[in-house]
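Each chain gets a letter, A, B and so on, in the order its sequence line appears, and its residues count up from 1.
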There are 2 protein chains.
Amino acid sequence: MTKPKGSTPKALRTREAIEIAARELFAINGFDRTTVRDIGARAGIDPSMIIRYFGSKDALFAQIAAPDLHLPDLSATDSGVIGETLVRHFLDLWEGDGVGGGMPVLLRSAASNEEAAEQLRKIFLTQVFPAVARAGPPETAPRRAGLVASQLLGLALTRYVLMVPPVVMMPPEFIIRTVGATIQRYASGECLSPDEA
Amino acid sequence: MTKPKGSTPKALRTREAIEIAARELFAINGFDRTTVRDIGARAGIDPSMIIRYFGSKDALFAQIAAPDLHLPDLSATDSGVIGETLVRHFLDLWEGDGVGGGMPVLLRSAASNEEAAEQLRKIFLTQVFPAVARAGPPETAPRRAGLVASQLLGLALTRYVLMVPPVVMMPPEFIIRTVGATIQRYASGECLSPDEA
DNA sequence: TATTTTAGTCAACAGTTGTTGGCAAATTAA
DNA sequence: TTAATTTGCCAACAACTGTTGACTAAAATA
């Protein structure tokens, strides 16, 4: 035994270097415009290593672009501040360099990469949907979650990808208050007629 | 004289065929994943014609992706239905196959194409901004327009590009009412403190 | 009709892409 | 230290990219 192919300390270090470089480049340029040669150059290793470590460029992307949103349990928070809580959480996630940085990666790539789009729908389904669902009547849960997603992703798109000037300049507290109020209305369902599923 | 290089009826027909094919493919696959060979095949002509007619792939894209939103003059409409009017207008534009179809094209491509992103910012600046500006106090105009853009583009993103199921299923009247209310709040500035520019 | 101009095709170019096999160097295990 | 693996680099591949020039067929002009 004792033949760990790819788990020696040196291997783990370069493996992580590749992941970091890939995450940065995918976030900046998207999937298509990021080449394995670019990633290799940034990680300081030969491009061929990327294939040997991850099998293919697509496989590498799949491993990079799986962010955990760590959404808070909204059923526990005061129902009056659900919107603010959600927006604050997302801004903290996106503004920092944490693992949630996988979100801009997906947003940049989802436009032309069906796999990335599927990944984003999955995140929406498994993380945003349950969190929003508990904040209102179950019948209207899909629509409430859909509206929340449209505003939240629109914010991320205009602020981090398209970089529309006034949206970029807005201080976090301002966004939390204004957009938070919208999310609040969507999530609670106060904007829906009682008879529409 | 009488040497119109590219204005003979036959030339105009194939030129239009190229534009149509390009518009469709750009909208479906985005800029990067659309090749001149694909466009040529769909238009039924040799790929080299595309270069001879438009100069380059980028030039073709620039001509395709310049949609005119034809936004209504909101200063003339009742200030109470500004939101609904705007959302209804965008849905009509996007839902149909008209010239406004250039919007999904841009949205798909803007993620990885800086030129497309710039184009989208330009459209925002020259069309959405003025329309929204007249609906409230001038000092808050940039922020109001920014918020409007974030919700409007988020709607287009989730409904036409990412195709988040519940957002796709929403009937237009539902969107006009719910999202329209949000746009109304953003555009009028009723969600802003009076002292924040 | 004769002639000039244009539309269109073909083949090929130079560059870039993801990916692979062979070989030297370094690290690990004994 | 010596032997066994594995990390890493190099060169090259096949496929695909946008783009170009030469040549043929068609159309417009006279």
Side-chain angles (χ1 to χ4, degrees), chain A residues 1-23 25-26 28-65 108-109 112-116, chain B residues 1-23 25-26 28-65 108-109 112-116:
Chain A
M1 308 287 157
T2 69
K3 296 177 187 171
K5 180 153 61 176
S7 64
T8 164
K10 189 133 208 146
L12 286 180
R13 236 179 299 138
T14 59
R15 191 183 182 90
E16 193 172 6
I18 293 176
E19 286 187 9
I20 292 176
R23 212 184 300 271
L25 290 179
F26 281 147
I28 296 174
N29 304 109
F31 181 81
D32 289 323
R33 303 237 163 157
T34 300
T35 75
V36 290
R37 283 171 174 80
D38 291 339
I39 299 175
R42 192 176 185 96
I45 46 91
D46 192 88
S48 63
M49 299 304 299
I50 295 168
I51 305 297
R52 285 170 69 103
Y53 271 81
F54 294 89
S56 70
K57 182 189 175 187
D58 291 85
L60 169 62
F61 180 82
Q63 203 152 109
I64 295 299
R108 282 235 182 242
S109 306
S112 64
N113 190 332
E114 175 54 30
E115 192 181 350
Chain B
M1 309 287 156
T2 69
K3 296 177 188 174
K5 182 154 59 176
S7 64
T8 164
K10 189 135 207 146
L12 286 181
R13 237 180 298 139
T14 60
R15 190 185 182 89
E16 194 172 6
I18 292 176
E19 286 186 10
I20 292 176
R23 211 184 301 271
L25 289 180
F26 281 147
I28 297 173
N29 303 109
F31 181 81
D32 289 323
R33 303 236 164 157
T34 300
T35 76
V36 290
R37 283 172 174 80
D38 290 340
I39 299 175
R42 194 178 184 98
I45 46 90
D46 193 87
S48 62
M49 299 302 300
I50 296 168
I51 306 296
R52 285 171 72 97
Y53 270 81
F54 294 89
S56 69
K57 182 190 175 186
D58 291 85
L60 169 62
F61 180 81
Q63 205 153 105
I64 294 298
R108 281 236 182 242
S109 306
S112 64
N113 189 333
E114 176 53 32
E115 191 181 351

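Where B:Asp32 and A:Gly44 each meet DNA chain D at their nearest nucleotide, the meeting point lying more 5' is that of A:Gly44. Nearest-nucleotide assignment on DNA chain C puts the 5′-proximal partner with B:Lys10, out of B:Lys10 and B:Arg37. DNA chain D is contacted by both B:Pro9 and B:Thr34; B:Thr34 maps to the nucleotide lying nearer its 5′ end (nearest heavy atom per residue).
The side chain of A:Val36 approaches C:dG18 more closely than any other nucleotide in the set C:dT9, D:dG8, C:dG18. Proximity note for B:Asp46 (side chain, C-beta onward) versus C:dC10, D:dT7, C:dA7: the nearest is C:dC10. Set against D:dT19, C:dG18, D:dA22, the side chain of B:Arg52 has D:dA22 as its closest nucleotide. Minimum atom distance to the side chain of A:Thr35 is reached by C:dG18, of the listed D:dT7, C:dT9, C:dG18.
Summarising the geometry of A:Lys57 relative to A:Phe31, their closest heavy-atom pair is NZ-O, 3.1 Å, with the distance given to 0.1 Å. In this structure, A:Ile18 and A:Ile39 approach most closely via the heavy-atom pair O-CG2, 4.0 Å.
B:Ile50 comes within contact range of no nucleotide atom at all, as no heavy-atom separation falls under 4.0 Å. At the heavy-atom level, B:Phe54 lies nowhere under 4.0 Å from the strands shown. Nucleic acid contact class of A:Ser48 (heavy atoms, under 4.0 Å, all strands): base.
The separation between A:Met49 atom CE and D:dC9 atom P is 7 Å, rounded to whole Å. For A:Leu25 and C:dG18, the CG to P distance is 12 Å, given to the nearest whole Å. The distance between atom CD1 of B:Ile51 and atom P of C:dT9, rounded to the nearest whole Å, is 14 Å. Atom NZ in B:Lys57 sits about 17 Å away from atom C1' in D:dT20, given to the nearest Å. For the pair B:Phe31 CZ and D:dT17 C1', the interatomic distance rounds to 11 Å; values are reported in whole Å. The CZ atom of A:Arg33 sits 14 Å away from the P atom of D:dT17 (whole-angstrom rounding).
Distance CZ/B:Arg15 to CE/B:Met49: 10.5 Å, rounded to 0.5 Å.
Look at A:Tyr53 and you'll find a side-chain N or O under 4.0 angstrom from OP1 or OP2 of D:dG8.
Within the 3.5 Å criterion, the main-chain N or O of B:Ala11 finds no donor-acceptor partner in the side chain of B:Thr8.
Side chain to side chain, A:Ser56 and A:Asp58 fail the donor-acceptor criterion of an N or O pair below 3.5 Å.
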